[in-house]
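This report concerns only the one structure given below.
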Amino acid sequence: ERHRRRLARAQESLFKEPPTAAESVLLHQLFLAHTATTPTPAPTPTPVPMQHTTLTTTRICQPQERNIHDLIFGGYLMREAFELGYACGQVFSRAELHFLAVDELAFKHPVPIGALLQLTAQVVYTEDQFEDGAATRLPTAQLIHVEVVADVVDVTTSIRKTTNTFHFTFKFEQPPKFTVRPATYVEAMRYLEGKRRISTIPLDPQRQIYRF
């Protein structure tokens, strides 16, 4: 079933198909909110441009992290990506976060010993959550989706290849202070991709997101 869902999502990818009608309406609503001249109420989360949520780090791939094939162990890449993604979410929310989920992984290119590993993390989507039956419609928590792109740079040729793109979802269990806002079409597609991935996080029988 998971394999079937992955294939279906790959066919509906924004790299192959345009946004749906509902997603286009959402982007237009973001545009209208950005151009509105009326100030929003004080408790409303402050929009932050997506380009301002980026954190990067560069590592030299050392021999102690190799696997039996004399390449960098995938678990090392996952740990580095997770720590950077968590730090990126913390800097954005300015608070501690709870880790909820990581999407499926697919390593596209091996990482050789001595290569430069450049990781770039960015908050690509936020979703405010509200208490059921609350008298006011002020958010009480927030889901934060962080994308981490892992690029391998060959120091002898300067060729850059993306070995993996990690997707992490965190929860901010306080009234959110900020929300992310795309400013370009590319950022808008990443925003929608984050929204799609959050919508497919597994749920338990009580319809609560699993805390992994």
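The residues of the chain are indexed from 1 along the displayed sequence. Keep in mind that this is a model prediction, so the values were computed, not measured.
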Where do Ser93 and Lys177 come nearest, in terms of heavy atoms and distance?
-> O-NZ, 4.0 Å
Is there a donor-acceptor contact under 3.5 Å linking the side chains of Gln142 and Gln129?
-> no
Between atom CG of Leu117 and atom OG1 of Thr57, what is the distance when rounded to the nearest 0.5 Å?
-> 8.5 Å
Atom of Pro112, atom of Leu71 and distance for their closest heavy-atom approach | CA-CD2, 3.9 Å
Could you list the residues that satisfy ring-ring contact (aromatic ring centres under 6.0 Å, His included) with Tyr76, not counting sequence neighbours?
-> none
Go through the steps for Val111 and Cys61 under the test side-chain contact (heavy atoms from CB on, under 4.5 Å), then give the verdict.
-> CA-CA 8 Å; Val111 182; Cys61 297; 3.5 Å; yes
Minimal non-hydrogen separation, Ala81 against Leu119, with atom names | N-CD1, 4.0 Å
To the nearest 0.5 angstrom, please state how far the CG atom of Leu26 sits from the CG atom of Leu192.
-> 6.5 Å
Are Phe82 and Phe166 near enough that their ring centres are under 6.0 Å apart?
-> no
What is the distance from atom NZ of Lys171 to atom CG of Leu143, rounded to the nearest 0.5 Å?
-> 6.5 Å
Within the distance-only criterion (no hydrogens, no angle test), does the side chain of Thr126 pair as donor or acceptor with the backbone N or O of Ile144 below 3.5 angstrom?
-> no
So, Phe92 versus Phe172, ring centres under 6.0 angstrom or not?
-> no
Within-4.5 Å side-chain heavy-atom neighbours: Pro176 and Pro45 | yes
Indicate yes or no: at least one non-hydrogen side-chain atom of Phe107 is less than 4.5 angstrom from one of Leu77.
-> yes
In sequence, state the C-alpha distance, the side-chain angles, and the governing distance for Arg79 and Phe73, and then conclude on side-chain contact (heavy atoms from CB on, under 4.5 Å).
-> CA-CA 10 Å; Arg79 186 190 71 191; Phe73 176 51; over 6 Å; no
Does one hydrophobic cluster hold both Leu27 and Met50, with members joined at side-chain heavy-atom distances below 4.5 Å?
-> yes
Rounded to the nearest 0.5 Å, what separation is found between the CG atom of Asp154 and the CD1 atom of Ile159?
-> 6.5 Å
Say you draw a straight line from CD of Gln64 to CD1 of Ile113; how long is it, rounded to the nearest 0.5 Å?
-> 8.5 Å
In the single-linkage hydrophobic clustering (I, L, V, M, F, W, Y; side-chain heavy atoms under 4.5 Å), do Phe168 and Val149 co-cluster?
-> no
For His28, which residues count as a ring-ring contact (aromatic ring centres under 6.0 Å, His included) partner, sequence neighbours excluded?
-> Phe31
Counting only N and O atoms by type, is there a donor-acceptor contact under 3.5 Å from the side chain of Glu147 to the main-chain atoms of Tyr125?
-> no
Go through the structure and list residues passing salt bridge (Lys or Arg N to Asp or Glu O under 4.0 Å) with Glu80, not counting sequence neighbours.
-> Arg59
Taking atom types as modelled and ignoring hydrogens, do the side chains of Asp151 and Gln118 form a donor-acceptor contact shorter than 3.5 angstrom?
-> no
State, with a plain yes or no, whether a side-chain heavy atom of Leu30 is found less than 4.5 Å away from one of Pro182.
-> yes
4.5 Å side-chain heavy-atom contact, Val148 and Met78 = no
Salt bridge check: are Glu23 and Arg196 linked by an N-O gap of less than 4.0 Å?
-> yes
Without swapping roles, check the side chain of Thr53 against the backbone of Val123 for a donor-acceptor pair under 3.5 Å.
-> yes
Are Val91 and Val124 in one and the same hydrophobic cluster, where Ile, Leu, Val, Met, Phe, Trp and Tyr link if side-chain heavy atoms are under 4.5 Å apart?
-> yes
Closest heavy-atom pair, Tyr191 versus Val180, reported as atoms and distance to 0.1 Å, is CE1-O, 3.9 Å
May I ask you to decide if Gln62's main-chain N or O and Glu65's side chain share a donor-acceptor pair within less than 3.5 Å?
-> no
Does any non-hydrogen side-chain atom of Asn67 lie less than 4.5 Å from one of Ile72?
-> no
How far apart are the closest heavy atoms of Pro47 and Arg181, and which atoms are they?
-> CB-NH1, 3.7 Å
So CZ of Phe99 and OH of Tyr86: to nearest 0.5 Å the spacing works out to 11.0 Å
Hey, is the main chain of His109 close enough, under 3.5 Å, to the side chain of Thr163 for a donor-acceptor pair?
-> yes
If you take all heavy atoms of Ala115 and Val152, which pair is closest and at what distance?
-> CB-CG1, 3.8 Å
Which is it for Gln51 and Glu187 under the side-chain hydrogen bond (donor to acceptor under 3.5 Å, both in side chains) test, yes or no, and what are the steps along the way?
-> CA-CA 8 Å; Gln51 61 180 333; Glu187 290 181 351; 5.6 Å; no
Any side-chain heavy-atom pair from Thr162 and Thr165 closer than 4.5 angstrom?
-> yes
Give the ring-plane orientation class for His167 versus His145, where under 30° counts as parallel, over 60° as perpendicular and anything between as tilted.
-> parallel
